[in-house]
Amino acid sequence: HPGRELNGALVPGYLARNQPETYPANLLDELGIPEYRVYAESESDDVPEEQLLNEWLKLTESRRDLTLELMNRYDWDLLFLEFQKTDAAVHKFDDNENIQRIFERVDKCLTDVLNHVEREPNVFVVSDHGIGQEKDWSVALNTWLEQQGYAETTTNNDRHRDRWIEQAISDEDEDTVSGTAQFMSMFGTIITKQRIERILSTVGLYGLVTQLAPKGLGSSLEEELIDHTQSQAFYEGMGFSGVDIGIILNTEQFYSEGIVTETEYENMRSELIGTLKKLEGPEGQAFQSVRRREEVYSGPCVEYAPDIVIEQAPHYVIGSQYPRGKTFIPTETGRIDHTRHGIL
């Protein structure tokens with residue numbers, strides 16, 4: 001996202017905006033489906049599982065309908081189609097019957113698409129990763145990198161915020177939490193979510209943070225972000241996604257705002273690898289492998305991989321790219337994560 005120019009049409013999907021920027025630009029209007037959406041109405045809300053199931057079933061059908069319209073309009077050679085909710089259902093649903101209903105609906109929609117092809121097509125069914133490994137601890141890599149002096153943070157009023165930390169302040173001991181926040185405010189210190197997290201951690205209330213943080217409710221508190229212009233190394237993954245894990249070194253050779261010189265690069269990478277291999281969490285070693293990218297990948301695109309590739313140990317998952325108040329954070333009960341090997 002946004003849809004880039006190509007010989008054909010492109011409608012961005014997962015991770016795009018809900019009303020995606022397509023190529024050509026007015027494609028959805030031309031197809032007569034301007035109301036097409038990437039996500040369900042209750043996508044990120046805490047709603048009953050049955051409600052989300054019904055919305056996702058309709059969303060899956062809307063992706064089929066869009067695909068059929070594109071197939072009719074274009075003289076095409078290659079069709080790339082993603083039904084994303086087979087992934088989301090396994091992450092989100094507790095009821096196995098609801099998971100099965102999603103897979104059945106995807107199967108029906110795929111059948112409709114294949115029946116619309118005049119000639120016998122070659123079909124590739126691809127699983128981009130496996131799933132099912134339960135995790136107990138989230139590793140806030142950028143927090144660790146900041147503590148080790150490799151990363152710097154900044155604040156940005158324009159980024160998405162939530163109200164969970166504000167709720168934590170109001171729901172708990174006002175003398176301990178709100179009083180400390182007011183004290184910091186008197187001295188002109190910017191009150192960020194991460195600062196409040198550290199306060200709660202200090203007074204033994206970090207469990208409250210992990211209960212409220214996932215709800216994503218929305219607030220005026222500042223968010224600490226990695227300052228890419230001042231950081232030597234940082235993690236840029238999605239978080240809770242065991243397939244995009246790695247640390248990027250901010251090199252002058254590769255990034256326009258890079259600050260790590262060519263002579264510093266290998267020493268810094270070796271130093272980081274050695275320290276990460278020894279990093280211990282509440283349940284032992286955090287990572288089962290920490291390697292240079294060229295030890296993992298080969299080919300012409302190796303330079304686009306993270307400089308250091310990490311594979312987490314069984315009880316750990318790499319957290320979000322946002323710095324947090326501490327490095328090791330308990331995950332919510334039943335938190336599962338991706339595994340290296342897919343189903344198909």
Without swapping roles, check the side chain of Arg293 against the backbone of Ile308 for a donor-acceptor pair under 3.5 Å. no

Neighbour count above 12 (heavy atom, 6.0 Å) for Glu35 CD: yes

Any carboxylate oxygen within less than 4.0 angstrom of a Lys/Arg side-chain nitrogen, looking at Glu43 and Lys85? yes

Is there a donor-acceptor contact under 3.5 Å from the side chain of Asn18 to the main chain of Val38? yes

Would you say CD of Glu41 has more than 12 non-hydrogen atoms from neighbouring residues, nucleotides or ligands within 6.0 angstrom? no

Is it the case that atom CD in Glu5 sees more than 12 heavy atoms from other parts of the structure closer than 6.0 Å? no

So does Asn115 have more than 12 non-hydrogen atoms from other groups sitting under 6.0 Å from CG? yes

Determine the minimum heavy-atom distance between Glu280 and Phe328, stating which atoms define it. O-CE1, 3.3 Å

Mind checking whether Leu10 and Tyr74 sit in one hydrophobic cluster, side chains of I, L, V, M, F, W, Y counted as touching below 4.5 Å? no

Any chance you could pull the hydrophobic cluster mates of Phe80, using side-chain heavy atoms under 4.5 angstrom and chaining through other members? none

Ignoring hydrogens and angles, tell me if any N or O in the side chain of Ser231 forms a donor-acceptor pair with the backbone of Ala233 under 3.5 Å. no

Short side-chain to backbone donor-acceptor contact, Asn142 and Tyr235, under 3.5 Å: yes

Please report the closest heavy-atom contact between Ile259 and Glu264, naming both atoms and the distance. O-OE1, 3.8 Å

Quick one: does any side-chain atom of Asp227 pair with a main-chain N or O of Thr154 as donor and acceptor, under 3.5 Å? no

Under 3.5 Å donor-acceptor, Ser42 side chain and Asp45 backbone: no

Looking at His228, is its backbone amide N or carbonyl O close enough to the side chain of Asn250 to form a donor-acceptor pair, meaning the two atoms are under 3.5 Å apart? yes

Which residues share a side-chain hydrogen bond (donor to acceptor under 3.5 Å, both in side chains) with Arg292, sequence neighbours left out: Glu266, Ser270

Between Val113 and Leu79, what is the shortest heavy-atom contact and its length? CG1-CD2, 3.9 Å

Do any N or O atoms from the side chain of Gln285 and from the backbone of Lys277 form a donor-acceptor pair under 3.5 angstrom? yes

Assess whether a salt bridge exists between Glu295 and Arg269, defined as any Lys/Arg side-chain N lying under 4.0 Å from an Asp/Glu carboxylate O. no

Considering all heavy atoms of both residues, which atom of Lys135 and which atom of Val317 are nearest to each other, and what is their separation? CG-CB, 3.8 Å

For the student: nearest non-hydrogen atoms of Trp144 and Leu279, plus distance: NE1-CD1, 3.4 Å

Check against ring-ring contact (aromatic ring centres under 6.0 Å, His included), Tyr297 and Tyr304: CA-CA 10 Å; Tyr297 302 111; Tyr304 296 101; over 10 Å; no

May I ask you to decide whether Asp112 forms a salt bridge with Arg64, counting only side-chain N to carboxylate O separations under 4.0 Å? yes

For the pair Tyr39 (side chain) and Leu15 (backbone), establish whether a donor and an acceptor sit closer than 3.5 Å, ignoring hydrogens and angles. yes

In terms of heavy-atom contacts, Tyr316 and Gly284 come closest through OH-O, 3.0 Å

Under the 3.5 angstrom rule, does the side chain of Glu49 hit a backbone N or O of Asp95 as a donor-acceptor pair? yes

Check whether any side-chain heavy atom of Leu57 lies under 4.5 Å from a side-chain heavy atom of Arg105, and answer yes or no. yes

Would you please indicate if the ring centroids of Trp56 and Phe83 are separated by under 6.0 Å? no

Donor on one side chain, acceptor on other, Glu271 and Tyr150, under 3.5 Å: yes

